[in-house]
Amino acid sequence: FKKIIEDNCYYFDKTKFIEDIIKDKAEVKLFTRPRRFGKTLNLSMLKYFFDIEKKEENREIFKNLYIEKSEYFKYQGANPVIFISLKDLGALSWGEMTISLKYLIFELFNNYRYLKEGLNKDDLSVFERYLNREANIEEIKTSLKFLSKLLYEKYNKKVILLIDEYDKGLTESYTNNYYKEAQNFFTVFFGAVLKDNVYLEFAVMTGIIRVIRAGIF
């Protein structure tokens with residue numbers, strides 16, 4: 001999103017989507033669309049809008065767009081944001097998938113190295129394990145909730161979580177016959193951060209697979 005705006009590329013103004021997201025009070029929002037529908041671009045837009053880091057710099061990106069004139073522009077730069085994409089989780093076996101997951105979490109935590117300052121001894125030890133790719137699979141299951149806790153304690157603001165291609169790991173596991181292991185992992189990985197997480201403001205997820213049995217019937 002930032003590159004498109006700063007390079008003065010053609011951009012169909014979708015910033016009203018930000019207003020719609022704020023108005024919607026659901027704590028977890030899932031958008032399933034086919035590939036090439038602009039899901040990642042929209043999540044990138046949300047990241048630059050809400051993220052408390054580089055708040056003033058990011059404000060400039062939204063000049064002359066719809067959201068700048070909206071009453072909801074007051075929410076710009078108001079929350080810490082976690083943005084994670086699962087699009088590169090490709091693996092032929094569960095063993096390979098665990099390696100990919102460790103690297104994914106390492107890359108995520110590497111973006112938040114500044115949080116190390118001021119951590120207590122126990123939290124610092126866990127943080128270092130993620131950075132050193134030494135975390136076991138049980139620790140990776142709760143990594144997003146742990147990071148949301150640290151961000152909340154840093155800013156005293158609840159966290160906005162953006163998850164792109166939430167279903168990539170599951171589709172890979174189904175194709176390569178280790179679905180049960182992946183299902184058990186992702187149930188906790190998503191559940192820990194999305195259900196009863198007191199540090200979460202709201203989450204937005206994208207993918208191509210709809211959640212079955214989601215209706216009231």
Side-chain angles (χ1 to χ4, degrees), residues 1-2 14-53 67 72 75 78-91 97 100-101 103-105 107-109 111-112 137 140-152 157-175 179 181-216:
F1 175 76
K2 182 178 181 181
K14 293 185 179 181
T15 56
K16 189 179 184 301
F17 181 58
I18 298 169
E19 188 177 276
D20 296 337
I21 287 289
I22 297 169
K23 286 180 180 179
D24 183 283
K25 298 302 180 182
E27 193 169 73
V28 181
K29 314 167 210 300
L30 170 63
F31 296 94
T32 54
R33 300 289 186 276
R35 291 183 175 86
R36 311 263 61 86
F37 259 60
K39 299 185 296 294
T40 302
L41 176 59
N42 279 338
L43 282 195
S44 175
M45 174 185 69
L46 294 178
K47 175 188 182 297
Y48 283 109
F49 181 81
F50 287 112
D51 203 353
I52 202 167
E53 280 288 296
I67 195 65
Y72 292 93
Y75 293 99
N79 297 84
V81 173
I82 298 172
F83 183 12
I84 183 169
S85 174
L86 276 58
K87 71 179 178 64
D88 293 326
L89 284 184
M97 178 61 77
S100 294
L101 287 165
Y103 187 74
L104 176 72
I105 297 305
E107 285 190 314
L108 177 65
F109 275 74
N111 294 329
Y112 297 93
I137 201 67
I140 292 175
K141 284 179 180 179
T142 57
S143 56
L144 294 182
K145 185 171 185 180
F146 177 70
L147 182 56
S148 68
K149 177 182 87 79
L150 298 187
L151 286 167
Y152 176 79
K157 296 275 191 177
K158 289 189 176 183
V159 172
I160 292 173
L161 173 64
L162 308 174
I163 303 177
D164 197 22
E165 298 199 32
Y166 88 95
D167 46 1
K168 179 63 185 296
L170 290 167
T171 55
E172 282 290 310
S173 68
Y174 183 79
T175 302
Y179 181 76
E181 293 94 330
Q183 182 190 38
N184 291 338
F185 171 82
F186 285 109
T187 296
V188 181
F189 182 70
F190 293 135
V193 70
L194 297 175
K195 292 184 68 176
D196 303 319
N197 181 2
V198 296
Y199 312 112
L200 183 68
E201 182 69 28
F202 65 80
V204 181
M205 303 168 64
T206 71
I208 61 172
I209 297 177
R210 295 182 64 184
V211 175
I212 63 170
R213 299 175 184 170
I216 62 171

Is a side-chain donor or acceptor of Ser44 paired with a backbone partner of Phe1 at a separation under 3.5 angstrom?
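Confirmed, Ser44 side chain pairs with Phe1 backbone.
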Run the ring pair (Phe, Tyr, Trp, His ring centres under 6.0 Å) test against Phe202 and tell me which residues pass, sequence neighbours left out.
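Phe202 satisfies ring pair (Phe, Tyr, Trp, His ring centres under 6.0 Å) with Phe50 once adjacent residues are dropped.
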So, using ring pair (Phe, Tyr, Trp, His ring centres under 6.0 Å) as the criterion, who are the partners of Tyr112 when residues are at least two apart?
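Ring pair (Phe, Tyr, Trp, His ring centres under 6.0 Å) check on Tyr112 returns nothing, list empty.
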Name all residues meeting the side chain to side chain contact (heavy atoms under 4.5 Å, CB included) criterion together with [X]; count only those two or more places apart in sequence or in a different chain, and write none if there are none.
X      : value
Glu19  : Lys16, Lys23, Tyr66, Ile67, Ser70, Tyr72
Phe185 : Trp94, Leu101, Ile137, Ile140, Lys141, Phe189
Tyr103 : Phe106, Glu107, Arg133
Ala78  : none

Give the intermediate values and the outcome of side chain to side chain contact (heavy atoms under 4.5 Å, CB included) for residues Ser148 and Leu200.
CA-CA 7 Å; Ser148 68; Leu200 183 68; 6.0 Å; no
Can you tell me how far the CG atom of Leu41 sits from the CE atom of Met45, to the nearest 0.5 Å?
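Atom-to-atom, Leu41:CG and Met45:CE are 7.5 Å apart.
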Point-to-point distance, once rounded to the nearest 0.5 Å, from CG of Leu108 to CG of Leu144
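So the gap between those two atoms works out to 6.5 Å.
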Between Glu172 and Leu89, does the side chain to side chain contact (heavy atoms under 4.5 Å, CB included) criterion hold? Intermediate values first, please.
CA-CA 8 Å; Glu172 282 290 310; Leu89 284 184; 5.7 Å; no
ring-ring contact (aromatic ring centres under 6.0 Å, His included) partners of residues 28-48, not counting sequence neighbours, each pair once
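Qualifying pairs: Phe17-Phe31.
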Please report the shortest heavy-atom distance between Phe109 and Ser143, naming the atom on each side.
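So the two residues come closest at CZ-O, 3.6 Å.
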Closest heavy-atom contact between Pro80 and Leu151?
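Heavy-atom minimum between the residues: CB-CB, 4.0 Å.
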Quick one: do Ile105 and Leu147 satisfy side chain to side chain contact (heavy atoms under 4.5 Å, CB included)? Show the steps, please.
CA-CA 10 Å; Ile105 297 305; Leu147 182 56; over 6 Å; no
Residue pairs passing the salt bridge (charged side-chain N to carboxylate O under 4.0 Å, His left out) test where at least one lies in residues 189-209, sequence neighbours excluded:
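Output for this query is empty, none listed.
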Per the salt bridge (charged side-chain N to carboxylate O under 4.0 Å, His left out) rule, what does the pair list look like for residues 27-42, sequence neighbours excluded?
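Qualifying pairs, neighbours excluded: Asp24-Lys29.
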Check the angle between the aromatic planes of Tyr199 and Tyr152 and answer parallel, tilted or perpendicular using the 30° and 60° thresholds.
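Ring orientation, 0 to 90° scale: tilted.
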Member of Ile21, Ile22, Asp20 meeting the side-chain contact (heavy atoms from CB on, under 4.5 Å) criterion with Ile18
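Testing Ile18 for a side-chain contact (heavy atoms from CB on, under 4.5 Å) against Ile21, Ile22, Asp20 leaves exactly one candidate, Ile22.
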Kindly write out the residues that satisfy side-chain hydrogen bond (donor to acceptor under 3.5 Å, both in side chains) with Glu181, not counting sequence neighbours, or none if the list is empty.
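side-chain hydrogen bond (donor to acceptor under 3.5 Å, both in side chains) list for Glu181, sorted by chain: empty.
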What residues form a side-chain hydrogen bond (donor to acceptor under 3.5 Å, both in side chains) with Thr171, not counting sequence neighbours?
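Once residues adjacent in sequence are excluded, Thr171 has no partner under the side-chain hydrogen bond (donor to acceptor under 3.5 Å, both in side chains) criterion.
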Under 3.5 Å donor-acceptor pairs involving side-chain atoms of residues 160-169, not counting sequence neighbours:
unit_1, atom_1, unit_2, atom_2, d
Asp164, OD1, Thr206, OG1, 2.4
Asp164, OD2, Thr40, OG1, 2.5
Tyr166, OH, Ile209, O, 2.7
Asp167, OD2, Ile208, N, 2.8
Asp167, OD2, Ile209, N, 2.7
Lys168, NZ, Lys87, O, 2.6

Between Leu104 and Ile84, is there a side-chain heavy-atom distance shorter than 4.5 Å?
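The answer is yes; the side chains approach within 4.5 Å.
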